[in-house]
Engineer: 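Sharing a structure below in structure tokens format, with a few things to ask.
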Protein chains: 2
Amino acid sequence: MATILLVEDARDLAQVVGRELEAAGYRVVHAADGVAALEAHGRERPDAVVLDWMLPRLDGLEVLRRMRQSAVTPVLMLTARGEETDRVVGLELGADDYLTKPFSLRELVARVRALLRRAELIRQQLTADREGAGEALTYGIVRLDPGAHLAALDGDPMDLSPTEFALLYLLMRSPGRAFSRAYLLDTVWREAYIGGDRSVDNAVLRLRKKLGQVGDAVETVWGVGYRMRPTPVVRS
Amino acid sequence: MATILLVEDARDLAQVVGRELEAAGYRVVHAADGVAALEAHGRERPDAVVLDWMLPRLDGLEVLRRMRQSAVTPVLMLTARGEETDRVVGLELGADDYLTKPFSLRELVARVRALLRRAELIRQQLTADREGAGEALTYGIVRLDPGAHLAALDGDPMDLSPTEFALLYLLMRSPGRAFSRAYLLDTVWREAYIGGDRSVDNAVLRLRKKLGQVGDAVETVWGVGYRMRPTPVVRS
DNA sequence: CATAGTCGCGACAAGTTTGCGACAGACACG
DNA sequence: CGTGTCTGTCGCAAACTTGTCGCGACTATG
């Protein structure tokens, strides 16, 4: 069951909205001011946040900013002001969606559901990319077994460095999908973020060399990053 | 090119650091005190800030707090004190990273780069989220997958430049809707639209070429701009 | 059917991004 | 301690993208 953090100081509104969300099947955690919101966010790690703009102690924008530092929890902002500038500020600050008071409960629930659905997709992708399922993969004549840390090219064992292995594994898990350098650095290189973009280039260069004739299966997506060429075999 | 706001009152240190950042390919804007920093932050909208802890007129923490009210610019704080408590205070107040004097220039540049990359990553995720990531679009035999950054024409992968991709994506999301050149320049070309109307013409021209026989699905709306033909033609 | 405004398109130049060899520092292993 | 491997950085060349220009063709309008 998904948990929603509801940050709203107006008690009656909070109650109505909270009840509606619970009726929709979510677990609701309520916070009445900004400080409590941050505290609850850290403790409960909610799947999504419904956040009022005007709050006691710490306003909505600041709460949003700080939550963004520790996680990418999707946020639906509520505001009484309907001016375009506010909307822009909110979205620029990283709110995922935006709802102007007064709003219908029906719409709020719908938006929360949409938020959760989208977040779920991204979350799955990211954790899957980072953790890896540990299953052996094949791509044409390339074979990778992450469990045994074994790579083979047409049956012949291939000597891959840890970085090269992780990179190839990530690319092979989603042939056709393009990865930006920033994304690769965050997943393959993890926290050891000392590298620049050229580090990725070189890792790809070395990987291509070791892949021999299959090397050009690793394609450059100009201005974006790299990807595995989508093959007829592994088509989606 | 990314812009870095460097806030440091010690003139010699500022010069050394500034030069190093410029050598790394960034545009550097310098501010020598807290008030100037806030002013420069509002005016230049830098991509990241390197902020000294101790400043004349308005100290680093206060500057940080105020900058946070208007934007999410990532901040790297510099401080002479290396105690853990300071680190905690700085990070809790919203600094994204933290460096203790004395530090190596090399490390500072590396951290700035990491900061920019992280911001870039979050921006990517958020825009992808808002646009509905992973949702592939089809229009006749044209297929666009924004998540994978993959375009295909009748199954054959198509090589689109970033601009062409963004343009086609926008047009395909609202077939039949006409977009003015001004609007296209604002959305597809983003901030850096130094281009004139002819830039749009050419982008469309190149896109049409790559679309081959389907090229005329991109229609000219005379005196207005361009649009996707409301319904794709089905070839026999 | 003349005219002014607009668009298509080839060519070119400038700017940006990537490929790749060379090198050096870090680290593990004997 | 030497030795080898891995990996980040640098620099230049190559590849690619993209804005601009010029001119001819097209469109609406009166």
Engineer: Return the value, rounded to whole Å, for the distance between atom CG of B:Asp201 and atom P of D:dC21.
Structural biologist: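 Result: 13 Å.
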
Engineer: For a quick test of reading the model: is some side-chain N or O of A:Thr220 closer than 4.0 Å to OP1 or OP2 of C:dG19?
Structural biologist: yes

Engineer: When the distance from CG of A:Leu185 to P of D:dG8 is rounded to whole Å, what number comes out?
Structural biologist: 9 Å

Engineer: In this structure, how many angstroms lie between the C1' atom of D:dC6 and the CZ atom of A:Arg198, rounded?
Structural biologist: 19 Å

Engineer: Using atom CG of A:Leu184 as one end and atom C1' of D:dG8 as the other, report the distance to the nearest whole Å.
Structural biologist: 16 Å

Engineer: Can a donor-acceptor pair be found between the side chains of A:Tyr169 and A:Asp145 at a distance below 3.5 Å?
Structural biologist: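 Absent: no donor and acceptor within the cut-off.
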
Engineer: Is A:Asp197 paired with B:Arg117 through a side-chain N to carboxylate O contact shorter than 4.0 Å?
Structural biologist: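 Salt bridge: no.
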
Engineer: Against B:Glu164, only a single residue in B:Lys210, B:Arg206, B:Arg208 fulfils salt bridge (charged side-chain N to carboxylate O under 4.0 Å, His left out); can you say which?
Structural biologist: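 Going through B:Lys210, B:Arg206, B:Arg208 one by one, the salt bridge (charged side-chain N to carboxylate O under 4.0 Å, His left out) with B:Glu164 is satisfied by B:Lys210 alone.
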
Engineer: More 5' along DNA chain C: A:Trp222 or B:Lys209, using each one's nearest nucleotide?
Structural biologist: B:Lys209

Engineer: Between B:Arg181 and C:dC7, is there a contact of a side-chain N or O with OP1 or OP2 at under 4.0 Å?
Structural biologist: yes

Engineer: In terms of side-chain heavy atoms of A:Arg206, which of C:dC20, D:dT9, D:dT20 is nearest?
Structural biologist: D:dT9

Engineer: Tell me: NZ of A:Lys210 to P of D:dT5, nearest whole Å?
Structural biologist: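 Taking NZ of A:Lys210 and P of D:dT5, I get 10 Å after rounding.
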
Engineer: Are A:Arg177 and A:Tyr183 in a cation-pi contact, defined as NZ or CZ under 6.0 Å from the six-membered ring centre and within 45° of the axis?
Structural biologist: yes

Engineer: Separation of A:Leu205 atom CG from C:dA22 atom P, in whole Å?
Structural biologist: 12 Å

Engineer: Out of C:dT18, D:dT20, D:dT17, which nucleotide sits closest to the side chain of B:Ser199?
Structural biologist: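 The closest nucleotide is D:dT20.
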
Engineer: Consider the side chain of B:Asn202, meaning its heavy atoms from C-beta on, and name the nucleotide among C:dG8, C:dC9, D:dT17 that approaches it most closely.
Structural biologist: C:dC9

Engineer: Is the shortest side-chain heavy-atom distance between B:Asp9 and B:Pro56 below 4.5 Å?
Structural biologist: yes

Engineer: Does a nitrogen or oxygen in the side chain of B:Trp189 sit under 4.0 Å from OP1 or OP2 of D:dG19?
Structural biologist: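 So the side chain of B:Trp189 is within the cut-off, an N or O lying under 4.0 Å from OP1 or OP2 of D:dG19.
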
Engineer: What is the separation between atom CG on B:Asp159 and atom C1' on D:dA15, rounded to the nearest whole Å?
Structural biologist: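 Between C1' of D:dA15 and CG of B:Asp159: 12 Å.
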
Engineer: For B:Arg106 and D:dT9, what is the distance between atoms CZ and P respectively, to the nearest whole Å?
Structural biologist: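 B:Arg106 atom CZ is separated from D:dT9 atom P by 7 Å.
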
Engineer: Would you please confirm or rule out a distance under 4.0 Å between OP1 or OP2 of C:dT6 and any side-chain N or O of B:Tyr226?
Structural biologist: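 Indeed not, no polar side-chain atom of B:Tyr226 lies that close.
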
Engineer: When we call it a touch if two heavy atoms are under 4.0 Å apart, what does A:Arg208 touch: a base, just sugar-phosphate, or nothing?
Structural biologist: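 Contact class for A:Arg208: sugar-phosphate only.
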
Engineer: Are any of B:Ser161's side-chain N or O atoms less than 4.0 Å away from OP1 or OP2 of D:dT18?
Structural biologist: yes

